[in-house]
Amino acid sequence: MSNPDASLLRSVLGLFLAAALIALTAGCAPVRPRPMLDSMAERVGLSGPESDKASTPLSSGPAAEWSPWSFDPLLVTLLKASRQHSPDLQAARARLDAARAVAGFAARGLAPAGGINAQLSESQLSVTEADPYDQGSPRPPRRQILQAGLAVRWELDLFGRVGTAEAVAARGVDAEAAALAGAEALLEAEIVRLYALQRERQWARRSLAAALSVSQQRKRDTAERLAGGLAEPPELWQIEAEHAALRAEHAAAEAELQAARAQLLAAVGLSPLLDHPLRDRLEDSAEPSALPEIRDYALPPDFLDRRPDVRVAEARLRAAMGETVLAERASWPSLTLLGSLASVALPGQFGEAATRSLGIGPALEWNWLSFGRNRLREAAAQAGEQALAAEFESTVLRAVADADSAARSWYAARRAWEEALSAAGLAEQVQLRIQKRVDAGLDARVLGLSAALELRAAERRAVQAWAEALAAYASLQLALGVDAAADD
């Protein structure tokens, strides 16, 4: 005679496998939106037949050539320290880790889920329950019941919802990874700007201190000439006003230097109130370093892929496309395979065959009655997708415009620095020529002092132009989406 339990088990297993086979063969595939950068690059003229016409004043070349910060070792040290200590980067890395965890959770959506439960209860019927008709029936004694069981459920991806949710979560990882790269690029540009400002104010303070000494000497000489009747009072008044302006400019340079240094240390992730080796190195006064040369170029074909903001916008749009699919399929049926094994018995009888129960089979659920809620959810998802599509296109257009504008700004700033250097060289020649005439007794010494002040002012203008050019170069790196971290 066949075992009835075994026959039942074979029947439910057959039903289980049949349901799984139907689900795997008749279900819909998950939707994973494809990358969109190539098509968008062709639309804006970065690839295709019109790409040769999209040029700007500078050459980008390979990404490694566009991050030559090695011309200033201290700046390289600051950039490396910022990647270790910056709270902004730490927060961006934490968000990336969270997105990866969410993606891992979504990837395990196809795996079965199960649990165990156990319960020990003691119960006793009331007198009313034991003798409802008041016939003198005795009240039964208390009894303990032990329940324990194992339940397993496996939702089949009948319409690709789980796979689509996995793809949406993966796009979240892409967005956070791009956001981290963007945070690194923004931080790098800010550190370069603050570093250039700190250096410029440092050199300005030193130059103004020397100018104050020269101005003080000129003031004394003019006072002596006035006492000897060789100068008029308005001449002395003008020199005194210029000397006061120099004192005010020196005080402002000192305050701006300390502020820029504090902001620089904070951007790196270090407290401006604590001692640090980098703080001591910032006290050193170094000469302005060289700047990269200007070259002609066209934007590279992978320009959009280099831009973190474009990658973030694309990832969010692709995730929204997946959300739209999920919203459309939310009201579709779901098929779940259920299995359970339980035992309910008195403590001494637990585990006996008569106390065991077995259940296995498919469960179909279809929430078709929603009174329009599902349709509204679809409409909201579609509207959100359209908004992100427009934002994606706007981000791409801004990226192209930013790159062109940054290239032209760098070109102009680099030229301005060269002109300022040339002007400083001419001022030095004028000062040397006048000083020779003063030494020969052909001109008054006050003219030589005035020429020296003009030379100091020209040098400060050159250093200021250098700082602006360096900041413009950092902005160009940011606009081109160069990953400077790859070159360390």
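Only heavy atoms go into these numbers, but all of them, side chains included; no hydrogens, no water, no symmetry mates.
- At least one side-chain heavy atom of Phe159 sits under 4.5 Å from a side-chain heavy atom of Pro333.
- Crowding of Ile116 atom CD1: a count of heavy atoms from other residues, nucleotides or ligands under 6.0 Å not exceeding 12.
- The line from CG of Leu478 to CD of Glu190 is 10.5 Å long, rounded to the nearest 0.5 Å.
- Residues Leu74 and Leu282 are in side-chain contact: their nearest non-hydrogen atoms beyond the backbone lie under 4.5 Å apart.
- Heavy atoms only, all atoms of each residue included: Val162 and Asp157 are closest at N-OD1, 2.9 Å.
- Within 6.0 Å of the CZ atom in Arg205, the count of heavy atoms belonging to other residues, nucleotides or ligands exceeds 12.
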### Query
Could you go step by step and tell me if Trp332 and Trp366 meet the ring-ring contact (aromatic ring centres under 6.0 Å, His included) rule?
CA-CA 6 Å; Trp332 294 7; Trp366 186 6; 9.9 Å; no
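- In this structure, a donor-acceptor pair under 3.5 Å is present between the side chains of Arg199 and Gln202.
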### Query
Step by step, would you call Val173 with Leu96 a side-chain contact (heavy atoms from CB on, under 4.5 Å)?
CA-CA 6 Å; Val173 175; Leu96 177 58; 4.2 Å; yes
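- Contacts of Pro112 classified as side-chain contact (heavy atoms from CB on, under 4.5 Å), with partners at least two apart in sequence or in another chain: Val152, Trp154.
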### Task
With salt bridge (Lys or Arg N to Asp or Glu O under 4.0 Å) as the test, would you mind laying out the steps for Arg398 and Asp309 before giving the verdict?
CA-CA 10 Å; Arg398 284 198 306 269; Asp309 54 343; 6.0 Å; no
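- Salt bridge Arg93/Asp97: absent, no basic N to carboxylate O contact under 4.0 Å.
- Inspection of the Glu254 and Gln258 side chains reveals an N or O donor paired with an N or O acceptor under 3.5 Å.
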### Stepwise side-chain contact (heavy atoms from CB on, under 4.5 Å) check, Leu120 with Gln147
CA-CA 6 Å; Leu120 177 63; Gln147 304 178 29; over 6 Å; no
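- Taking CD from Gln198 and CG from Leu264, the interatomic distance works out to 6.5 Å, rounded to the nearest 0.5 Å.
- Using a distance-only test at 3.5 Å, with no hydrogens or angles considered, a donor-acceptor pair links the side chain of Thr395 to the main chain of Glu391.
- Side chain of Asn367 to main chain of Ser331: no donor-acceptor pair is present (N/O by atom type, distance under 3.5 Å, no hydrogens or angles).
- Panel note: side chain Ser405, backbone Asp402; no donor-acceptor pair is recorded below 3.5 Å.
- The 12-atom threshold is exceeded at CG of Asn117, counting heavy atoms of other residues, nucleotides or ligands nearer than 6.0 Å.
- Between Val168 and Glu323 the shortest side-chain heavy-atom distance falls below 4.5 Å.
- Closest of all the heavy-atom pairs between Ala469 and Trp417 is CB-CB, 4.3 Å.
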### Query
Taking it one step at a time, do Leu335 and Glu155 satisfy side-chain contact (heavy atoms from CB on, under 4.5 Å)?
CA-CA 6 Å; Leu335 181 62; Glu155 182 177 354; over 6 Å; no
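- Taken from CZ in Arg414 to CG in Leu470, the straight-line distance is 11.5 Å, to the nearest 0.5 Å.
- Here the shortest heavy-atom pairing between Ala399 and Val310 reads CB-CG2, 3.8 Å.
- With sequence neighbours excluded, no residue forms a side-chain contact (heavy atoms from CB on, under 4.5 Å) with Ala170.
- Using a 4.5 Å heavy-atom threshold, the side chains of Ile191 and Glu188 count as separate.
- In this structure, Asp305 and Arg311 have side chains that are in contact, with non-hydrogen atoms separated by less than 4.5 Å.
- Looking at Thr336 and Leu156, their side chains never come closer than 4.5 Å, going by heavy atoms from C-beta outward.
- Gln382 and Thr324 share no side-chain donor-acceptor pair at under 3.5 Å.
- Within the 3.5 Å criterion, the main-chain N or O of Gly160 finds a donor-acceptor partner in the side chain of Thr164.
- How far CD of Glu314 is from CG of Leu304: 9.5 Å, rounded to the nearest 0.5 Å.
- Annotation: side chain of Arg161 is in contact with side chain of Leu326 (closest heavy-atom distance under 4.5 Å).
- For the atom pair CG (Asn374) and CD (Glu378), the distance works out to 7.0 Å, reported to the nearest 0.5 Å.
- By the 4.5 Å heavy-atom criterion applied to side chains, Leu75 and Val192 are counted as neighbours.
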### Leu89 and Leu187: CA distance, side-chain angles, deciding distance, side-chain contact (heavy atoms from CB on, under 4.5 Å) verdict
CA-CA 9 Å; Leu89 295 188; Leu187 179 62; 3.6 Å; yes
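- For the pair Arg373 and Phe371, the cation does not sit on the ring face, since its NZ or CZ is not both under 6.0 Å from the ring centre and inside 45° of the axis.
- Atom CZ in Arg95 sits 6.0 Å away from atom CD in Glu176 (nearest 0.5 Å).
- Looking at Arg307, its side chain does come within 3.5 Å of a backbone N or O of Ala479 through a donor-acceptor pair.
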